[in-house]
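To start, the structure under review is shown below, and the notes come after it.
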Amino acid sequence: MSRAERRAERGPGLSWHREHELPAGTVVPSVLAAAAGLVAMWPFTSVIEPGPWSFAVLAVIVVTALAGMSSRTLMRGRAAWARDLVTIVVQILAVMGTVVLLVAGDTAVFGVIPTDATFFTFQALVASAWEEITFGAAPIAASPGLEAVMGIGFGVVAVLLDQLVAQRGAILASLLTAVVGSVPMIVTLGGVNVVWFVMLGILILVLLRFTAAQNPESPRRTSVAVAAGVGVAALAATVIVAPILPVSASLTGTGTGVTVDASLRLGDDLRQPNPVEVLTVATTADTAPYLRLTTLSAFDGNVWEPDRGGLQAQSEGFGPAEWADDIETTDQNTSIRVIRMSSSWLPVPYPATSVQGLPSTWRVSPENRTLASRSAEAVGNDYTVRSLEVSPTLEQIRALPAASPIVDPDTQPVELPEIIGDTAAEVTADATNDYDRLIALQSWFRSQFAYSLETPVDEGFDGTGADAVARFLDVRSGYCIHFAGAFALMAESLDMEVRIVVGYLPGALTETTRGDEAVYSVSSDQLHSWPEVLFPGVGWVPFEPTASLGVPTAFSAAATAGGGSGGSATPAPTAAPSTEQSSGPELEREDAGDNAGATGELRRLDPTPVVLTTLGVLVVVLLPAFARLALRIVRRGRASRGDAGAAWTELRATMQDLRVPLSDAESPRMRGDDLVRDSRADAEAMRVLVAAVEQASYARPSAGAVRDLDVALVEVTAQLRRSVDGWTRLHAFLLPRSLFASRRTDVPLLT
């Protein structure tokens, strides 16, 4: 049989790859899929407190892996389609049984077979979890609803990952892991989790290596040094590039100036150097009202949890009146236009009684008279709120005791540092009623403390926990969340029901009018929080302890008889602290340019994050090409100095990259003839290379003149590239096969 016939019998495949496909694995795919599931799950532990949900997720991941191993082992001798179908059915049933057993086992037959009661339970738990996710602040407390949702969600993810890895879909499995794991960081706009990125990078490399090893077209041997070098370089690029990527608020694409949640973590928003206008307020009142987004009543010692009362349709109103008939009230209309604020709540004055101009997706929370939605976005809404100004006289408010805190018998009481209760008792020692005690606290904070955005960061207490409050009382410097949190805990220590409000200060009066209404501009740095205390018969009374902001709450005494007809009472101010001084604090900022004014333009898109992200992706994608280019440069340099082995190795590597058939059984002369005939390589240049490698391999070393082989090498390799199509050349550039195949020469070279 001639050499050409032997080559035709071998076919066009590369001789350095396997001649058959490896059998499908039963253990390794499931183990790798389980590892991918754990990597995807890890970032969620930073936004949801560990608890039953984390055990449920671990359980479904392990059960999915075990079900996959068992099914594939039992079905090993069957057709591939039957094996895969049975495996996915078994995994789905196993995941369903596991989640039912862990979440609602008491409603199921034998604890795993769901009934109507099971489906009803899951429906209620999913609705509860959705509300917790929508209105909660990270880290969200673990709950049965989150256990159900996370168990179901990661059950689906685990099954998909197992099937993708088993079917050698390493790229899709890696993409799914990355997308699921990045959700917590994207949603919370949190910092880059470098450790997770490193773990993800290692996982992707392992998945790609496993998939490549199963492919009959993959090389029999790989270069450990090159593979490790590429992996280390990719991980290093991730570790270096990811943390320095700046986050720009303008990258959202919606034009929102600030994203508001109920976490009381307002410091970063307030410290932004260039505040932007987030909403406008039009009213006929003398001053604009405070606008509330939501309230927070539950405190666990570390964070204040937002109120999650039931929602009802706008047509059902904002709930019953909280004030008695003898309390003076005044109707107010406030028109609000949201320009650049992303939130699940809409700002409204208190107490709101009706609203017009909103779609039905916005619903009323009667518990705190706010507007919320589980699906709509605040930005772009323009609506009018009808509200009341509740104005008790000084005598009326002093005669009413504050409501006592509601104690939940199922919740452990929070132990507060002694400084909180002791200081509250000391400051209010001379007061004889609850209102005067609160006024004493308000005056003490405003006169003895200083407003500062930087002190809490410098002193390490920038939070809302009890320890942060104790530190704030010692340092006596902070911003609104520290004033509101300290006031609330001190009022609670005096046996009063209290809550914290998140919202906006009234804003600055503009020259614009809307009919006979004055228009106020509210900017992003006027995001604010303040405390409220419940007085039965009056409602929730807000106070303003934050130094330098607004005017403190104060009610006027009723008119006295004064000889003759009764004189009019001194006008009682609104219970909400609102005056012309209610704009945000003056901060030392760099020149904000056009963005500083109330009517400033939106900031233009900052191109820096986009450019850096693009460069980082390009570096990672081009790493194999860079490694191959470096090897080519080194070999060409040696070839120019007469190194025949380096020249021949580079020629062989180019053939591997371009998928040109080659065989280790061929001699250099035979291979040269093939390239001249099949790829139309330059015959003279090929003769130079073949002669050089034969002389280096078989002739005695000579001290003759060294011949430059680089010219001939460039001529031959250039013709090889021209002999293949453009897609093959691109593939050879981005994913050069020679990096992962043995790079030994055909015959040992004598040196």
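Any value given below was found using the heavy atoms of this structure, including those in side chains, with hydrogens, waters and symmetry copies removed.
Between Thr283 and Ala288, the shortest heavy-atom contact is CG2-CA, 4.1 Å. Of all non-hydrogen atoms in Gln442 and Pro552, the two that sit nearest each other are NE2-CB, 3.1 Å. Closest non-hydrogen pair, Leu296 versus Val502, comes out as CD1-CG2, 3.5 Å. Between Ala352 and Val385, the shortest heavy-atom distance links the atoms CB-CG1, 3.7 Å. A pairwise comparison of heavy atoms in Pro347 and Tyr383 identifies O-OH, 2.7 Å as the closest pair. Looking at every heavy atom in both residues, Val538 comes nearest to Trp323 through O-CB, 3.7 Å.
With contacts defined as side-chain heavy-atom distances shorter than 4.5 Å, the pair Leu291/Leu293 does not qualify. Residues Leu311 and Val364 fail the side-chain proximity criterion, which asks for heavy atoms closer than 4.5 Å. At least one side-chain heavy atom of Leu441 sits less than 4.5 Å from a side-chain heavy atom of Leu494. Proximity of Val522 to Thr280: side-chain heavy atoms (C-beta onward) are nowhere separated by under 4.5 Å. At a threshold of 4.5 Å between non-hydrogen side-chain atoms, the residues Leu388 and Asp331 count as touching. Thr546 is listed as a side-chain neighbour of His528, based on a closest heavy-atom distance under 4.5 Å. The closest side-chain heavy-atom distance from Pro359 to Asn381 is below 4.5 Å. Contact check for Trp530 versus Ile500: no side-chain heavy atoms found under the 4.5 Å cut-off.
Atom CZ of Arg337 and atom CG of Asp382 lie 4.5 Å apart (nearest 0.5 Å). Atom OG1 of Thr512 sits about 10.0 Å away from atom CZ of Arg514, to the nearest 0.5 Å. Between atom CZ of residue Arg446 and atom CZ of residue Phe543 there is a gap of 13.0 Å, rounded to the nearest 0.5 Å. Atoms OH and NE2, from Tyr451 and His482 in turn, are 10.0 Å apart once rounded to the nearest 0.5 Å. Atom OH of Tyr479 and atom OG of Ser452 lie 9.5 Å apart (nearest 0.5 Å). Here the OG-OH distance, from Ser387 to Tyr350, works out to 11.5 Å after rounding to the nearest 0.5 Å.
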Enumerate donor-acceptor pairs with a distance under 3.5 Å from any side-chain N or O in residues 394-407 to protein atoms, sequence neighbours excluded.
| from | atom 1 | to | atom 2 | distance (Å) |
| --- | --- | --- | --- | --- |
| Glu395 | OE1 | Ala558 | N | 3.0 |
| Gln396 | OE1 | Thr393 | N | 2.9 |
| Gln396 | OE1 | Thr393 | OG1 | 3.4 |
| Gln396 | NE2 | Asp326 | O | 3.1 |
| Arg398 | NE | Asp436 | OD1 | 3.1 |
| Arg398 | NE | Asp436 | OD2 | 3.4 |

Would you list the atom pairs, donor with acceptor, under 3.5 Å between side chains in residues 415-431 and any protein atom, with sequence neighbours excluded?
| from | atom 1 | to | atom 2 | distance (Å) |
| --- | --- | --- | --- | --- |
| Thr423 | OG1 | Ile419 | O | 2.5 |
| Thr428 | OG1 | Ala424 | O | 2.7 |

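Tyr290 and Glu544 are linked by a side-chain donor-acceptor pair at a separation below 3.5 angstrom, with hydrogens and angles left out of the test. Checking Glu277 against Ser521 by side-chain atom types alone, a donor-acceptor pair falls below 3.5 Å.
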Q.
Under the criterion side-chain contact (heavy atoms from CB on, under 4.5 Å), I'd like the reasoning laid out for Leu358 against Gln314: C-alpha separation, chi angles, the key distance, then a yes or no.
A. CA-CA 9 Å; Leu358 286 176; Gln314 299 172 32; 3.7 Å; yes

(Q) Go through it in stages, so that I can follow the logic: the residues are Trp540 and Val533, the test is side-chain contact (heavy atoms from CB on, under 4.5 Å), and I'd like the CA-CA distance, side-chain angles, deciding distance and then a yes or no. (A) CA-CA 5 Å; Trp540 288 93; Val533 178; 5.6 Å; no

(Q) Between Arg471 and Glu459, does the side-chain contact (heavy atoms from CB on, under 4.5 Å) criterion hold? Intermediate values first, please. (A) CA-CA 9 Å; Arg471 181 64 176 151; Glu459 298 291 336; 2.9 Å; yes

Q) Run the side-chain contact (heavy atoms from CB on, under 4.5 Å) check on Leu438 and Phe535 step by step: do they pass? A) CA-CA 12 Å; Leu438 296 169; Phe535 281 83; 3.7 Å; yes

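The main-chain N or O of Gly478 is never found under 3.5 Å from a side-chain atom of Thr455 such that the two would form a donor-acceptor pair. Proximity of a side-chain donor or acceptor of Glu328 to a complementary backbone N or O of Val390 within less than 3.5 Å is not detected. Under the 3.5 Å distance criterion, the side-chain polar atoms of Ser523 are left unmatched by any main-chain donor or acceptor of Val276. In this structure, the side chain of Glu517 does not engage the main chain of Thr284 through any donor-acceptor pair within 3.5 Å. In this structure, Arg499 contributes its side chain and Ala488 its backbone to no donor-acceptor pair below 3.5 Å. Under the 3.5 Å distance criterion, the side-chain polar atoms of Gln312 are left unmatched by any main-chain donor or acceptor of Pro366.
Ring-plane geometry between Phe555 and Tyr435 is classed as tilted, the angle between the planes lying from 30 to 60 degrees on a 0 to 90 degree scale. Ring orientation note: the planes of Phe472 and Phe483 are nearly perpendicular, at an angle over 60° on the 30°/60° scale.
Heavy-atom neighbours of Gln448 CD from other residues, nucleotides or ligands within 6.0 Å: above the threshold of 12.
Residue pairs meeting the side-chain hydrogen bond (donor to acceptor under 3.5 Å, both in side chains) criterion with at least one partner in residues 360-369, sequence neighbours excluded, are Thr295-Asn368, Ser365-Asn368, Asn368-Thr370.
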